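So the structure is just underneath, and the comments pick up after that.
Keep in mind the model is a prediction, meaning the values are calculated, not measured. In what follows, every chain begins at residue 1, and chains take the letters A, B, ... in the order their sequences are listed.
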There are 2 protein chains.
Amino acid sequence: MPTIYDVAKLASVSPATVSRVVNQRGNVRPDMASRVNEAIEALDYRPNVVARNLRRQTSAVWTLIFSDIDAFHFTAVSRGVMEIGQDVGKSVVLCNTDDEPDKEQRYIEVAVADRVAGVVISPASESGGVLEPLLELDIPVVTIDRDLPSSAVGSVLVENECGAEQATAHLLASGYGRIACITGDLALSTAAQRLAGYRGALEAAGVPYDPALVRTTDYREAGGYRAMSQLLELDRPPDAVFVANSQMTLGALECLADRGVSIPDEMGIVGFDEHPWARLVSPALTTVAQPTYELGRVAAQMLVERAKDPGGPPTRVSLPTELIVRESSTPRRRAPARQR
Amino acid sequence: MPTIYDVAKLASVSPATVSRVVNQRGNVRPDMASRVNEAIEALDYRPNVVARNLRRQTSAVWTLIFSDIDAFHFTAVSRGVMEIGQDVGKSVVLCNTDDEPDKEQRYIEVAVADRVAGVVISPASESGGVLEPLLELDIPVVTIDRDLPSSAVGSVLVENECGAEQATAHLLASGYGRIACITGDLALSTAAQRLAGYRGALEAAGVPYDPALVRTTDYREAGGYRAMSQLLELDRPPDAVFVANSQMTLGALECLADRGVSIPDEMGIVGFDEHPWARLVSPALTTVAQPTYELGRVAAQMLVERAKDPGGPPTRVSLPTELIVRESSTPRRRAPARQR
DNA sequence: CTGAAAGCGCTAACAC
DNA sequence: GTGTTAGCGCTTTCAG
């Protein structure tokens, strides 16, 4: 592979001049420039970005560290990030922590060692400390999805509470009376906020809060199935359920299908997270859509802002959700609430 | 940020010794080693991988270039790659070409400039040439999903033809008589192979091939919808359909729902690609499952093999599919084929 | 406007 | 077993 010296020699100029041509900095006499370009062409020269980065003390890489396992969320967010990345010449390296703090820490170590230009992370460990090494190096960090208490970092979140409240209020308005909530580990801000939204809606409607109707489980499909089946075994089972993420919603739907519970008449359901298949299950599923793609874009945007102005205070934004009403929450005629 | 020299000074040793300790190469007297480690600790030293890579002329990055847009396929494959990557200390940078050859080329340029350690790519342009720059630099390349004619590169494909044949044969065996096929642009090897499998099954069963029953469209949801609706408008519409990818399957299902065509009695359907929601649509969808995760793992594995033995001939493997039979292709009683 | 030269931080011969 | 030293390929002052 030819180096900048080979090009310089062939074009009978100094490497500095070649560098100027390649990077379009400083002024170079047109005839020299074209001589250089010819040499580059002739040798098929390609600048070595590793060397450039070492010299410039910069990097053209962002790290995207994901804890979530949902394929759609993940894909949409990373697309958002990559899109902005492409505009500003950044590559995106992807890391999946599977929600394991160990893995998360390892990936952060790697990001530090690589001196990456920025990190977007949905934290697995919701305690601040993990990000320290990054911050020490002044590497811009933006958290997404989940909040971090201590953060001196940017964050772009979703209005989970508001979204959950809307969903629950909608179920109420549709005539359901005993509404359950399946959510995740309350140590996760998303799970806690979505539960809070659920409670908020009940309160606002003057419906008493019944802890028996709330299940916290892991954010997986199996958890959703289990939680739903427990709810059905209650003495006074619910007549509707708000499920706080899409994987648990899959599980819950499956459980309802297995038990032969008919939606939306015997049981109304609203799930968090929009998916291509939401329209296709029958009845079509009402969902709380997150602006996933935007999430990625905004986070990436913050990274570039922060790189421009490292001094400024970190930005924190919260993006709105959208309730998409379909059939699973809109009974033709409300069945009377079951009494035992 | 402290450098290796700072550590050396503090530990009163030479930078070479620090390097030896950090990389665990060569022998270092234990007492020195611990002095070095203390200094590392004290200064919170973190090796600069950029400098190391420049010196060693290596890189710890793989590039994964994707043309496909399907979130599940994409996620599963990249997980497979990342998993192996983590085992061997490689980071994975992700690129999405949206099937645009321009973007693909740009990403390849970047991979070259970064001197990455390997590239996994599902080619957007199915002509070989694009990979030249990579091969010139002896960067190991493995193609996935799609085949490249000219390839001096490794490849891991899926037995598309066989999978499609099984799917079609299954529809035949279930009693369907007029089976249609919705596939993608035939310039894509996957689309062509899946069509070939369909034809193969018909032939094997002695069923005449009717071009009117074959639709080629883009691999998207809208294309599937359109194709399905055209098929329904035929003088003699099909009584079953094999759809060559998941996005088009979504579209086709939607169309069938809109038209009130009942599955599986009026219309049987089998889709390529397995998804979490396949069980949940009703009736549950019969699919041809690709070993997506394996695809990624095997491709990554090839990258490491190839790095070990750059001389050897490129490996080419083809992974089997699995037919997952559900309700959408298994009518209770076969309705008599419609006559016009 | 161009060239010489000094590093960026690290590793690997090569001496000792 | 350890230290010295010369680069990896590039950019960027600083002179000219």
Side-chain angles (χ1 to χ4, degrees), chain A residues 1-37 39-40 43-61 89 109-110 112-117 136-139, chain B residues 1-37 39-40 43-61 89 110 112-117 137-139:
Chain A
M1 196 66 200
T3 72
I4 202 170
Y5 288 95
D6 300 323
V7 177
K9 196 173 297 169
L10 183 59
S12 315
V13 298
S14 75
T17 300
V18 177
S19 174
R20 286 190 265 260
V21 171
V22 170
N23 296 289
Q24 322 207 27
R25 303 180 182 216
N27 283 342
V28 177
R29 258 184 14 234
D31 57 315
M32 286 209 125
S34 61
R35 237 164 60 218
V36 168
N37 281 320
I40 288 175
L43 295 173
D44 199 22
Y45 166 73
R46 300 160 188 282
N48 182 324
V49 171
V50 181
R52 171 182 297 165
N53 287 343
L54 176 59
R55 173 63 229 233
R56 287 206 191 140
Q57 301 282 66
T58 64
S59 136
V61 184
E109 289 298 334
V110 174
V112 167
D114 286 342
R115 307 295 195 265
V116 299
E136 272 169 32
L137 279 177
D138 291 317
I139 295 177
Chain B
M1 196 65 200
T3 73
I4 203 169
Y5 288 95
D6 299 323
V7 176
K9 196 173 300 171
L10 183 58
S12 315
V13 298
S14 77
T17 299
V18 177
S19 174
R20 286 190 266 258
V21 171
V22 170
N23 297 288
Q24 321 208 26
R25 303 178 182 215
N27 283 343
V28 177
R29 257 185 14 236
D31 58 317
M32 286 210 126
S34 61
R35 236 165 60 218
V36 168
N37 281 319
I40 288 175
L43 296 173
D44 198 22
Y45 166 72
R46 300 160 188 280
N48 182 324
V49 172
V50 180
R52 172 183 296 164
N53 288 343
L54 175 59
R55 174 62 229 235
R56 287 206 192 140
Q57 301 282 65
T58 63
S59 135
V61 204
V110 173
V112 167
D114 285 342
R115 307 295 196 266
V116 299
L137 279 178
D138 291 316
I139 294 177

Task: Residue-level proximity of residues 13-23 of chain A to DNA chain C when a heavy atom falls under 4.0 Å - done: A:Val13, A:Ser14, A:Ala16, A:Thr17, A:Arg20
Task: Divergence of helical axes at both termini of the helix from C:dC1-D:dG16 to C:dC16-D:dG1 - five pairs an end, 10° steps - done: 40°
Open item on the list: When you compare the side chain of A:Leu10 with that of A:Leu43, does any pair of heavy atoms fall below 4.5 Å?
Closed with: yes
Open item on the list: Going 5' to 3' along DNA chain C, between which two nucleotides do contacts with chain A fall, using a heavy-atom cut-off of 4.0 Å?
Closed with: C:dC1 to C:dG9
Task: DNA chain D contacts made by residues 47-59 of chain A, counting heavy atoms under 4.0 Å - done: A:Pro47, A:Asn48, A:Ala51, A:Arg52, A:Arg55, A:Arg56
Task: Partner set under side chain to side chain donor-acceptor pair (under 3.5 Å) for A:Thr58, not counting sequence neighbours - done: none
Open item on the list: On DNA chain D, compare the nucleotides closest to A:Met1 and B:Asn27; which residue's is nearer the 5' end?
Closed with: B:Asn27
TODO: Could you list all the salt bridge (charged side-chain N to carboxylate O under 4.0 Å, His left out) pairs where at least one residue sits in residues 50-59 of chain A, not counting sequence neighbours?
DONE: none
Open item on the list: A side-chain contact here means heavy atoms from C-beta on lying under 4.5 Å apart; do B:Val28 and B:Val13 qualify?
Closed with: no
Open item on the list: To check you understand the geometry: which heavy-atom pair defines the closest contact between A:Ala51 and B:Leu54, and what is its length?
Closed with: CB-CD1, 3.8 Å
TODO: Go through the structure and list residues passing side chain to side chain donor-acceptor pair (under 3.5 Å) with A:Thr17, not counting sequence neighbours.
DONE: A:Ser14
Open item on the list: Using side-chain heavy atoms (C-beta onward) and a distance below 4.5 Å, is A:Val49 in contact with B:Arg115?
Closed with: no
Task: Set of salt bridge (charged side-chain N to carboxylate O under 4.0 Å, His left out) partners for A:Arg29, sequence neighbours left out - done: A:Asp31
- [ ] Tell me, please, which residues at least two apart from A:Ser19 pass side chain to side chain donor-acceptor pair (under 3.5 Å).
- [x] A:Asn23
TODO: Report yes if the side chains of A:Val61 and B:Val61 come closer than 4.5 Å at any heavy-atom pair, otherwise no.
DONE: no
TODO: Mind jotting down which residue pairs meet the salt bridge (charged side-chain N to carboxylate O under 4.0 Å, His left out) criterion with at least one end in residues 6-28 of chain B? Sequence neighbours excluded, please.
DONE: none
Open item on the list: Restricting to salt bridge (charged side-chain N to carboxylate O under 4.0 Å, His left out), what partner residues turn up for A:Glu109, sequence neighbours left out?
Closed with: B:Arg46
Task: Closest heavy-atom pair and its distance - B:Ala60, B:Gly89 - done: CB-O, 3.7 Å
Open item on the list: If you define the side chain from C-beta out and look only at heavy atoms, does anything of A:Val50 sit under 4.5 Å from A:Asn53?
Closed with: no
Task: Span of DNA chain D, from the first to the last nucleotide whose atoms fall under 4.0 Å of chain B heavy atoms - done: D:dG1 to D:dG9
Task: A:Ser12 or B:Tyr45, whichever maps to the more 5' nucleotide of DNA chain C - done: A:Ser12
- [ ] Please name the pair of heavy atoms, one in B:Thr3 and one in B:Tyr45, separated by the smallest distance, quoted to 0.1 Å.
- [x] C-CE1, 3.6 Å
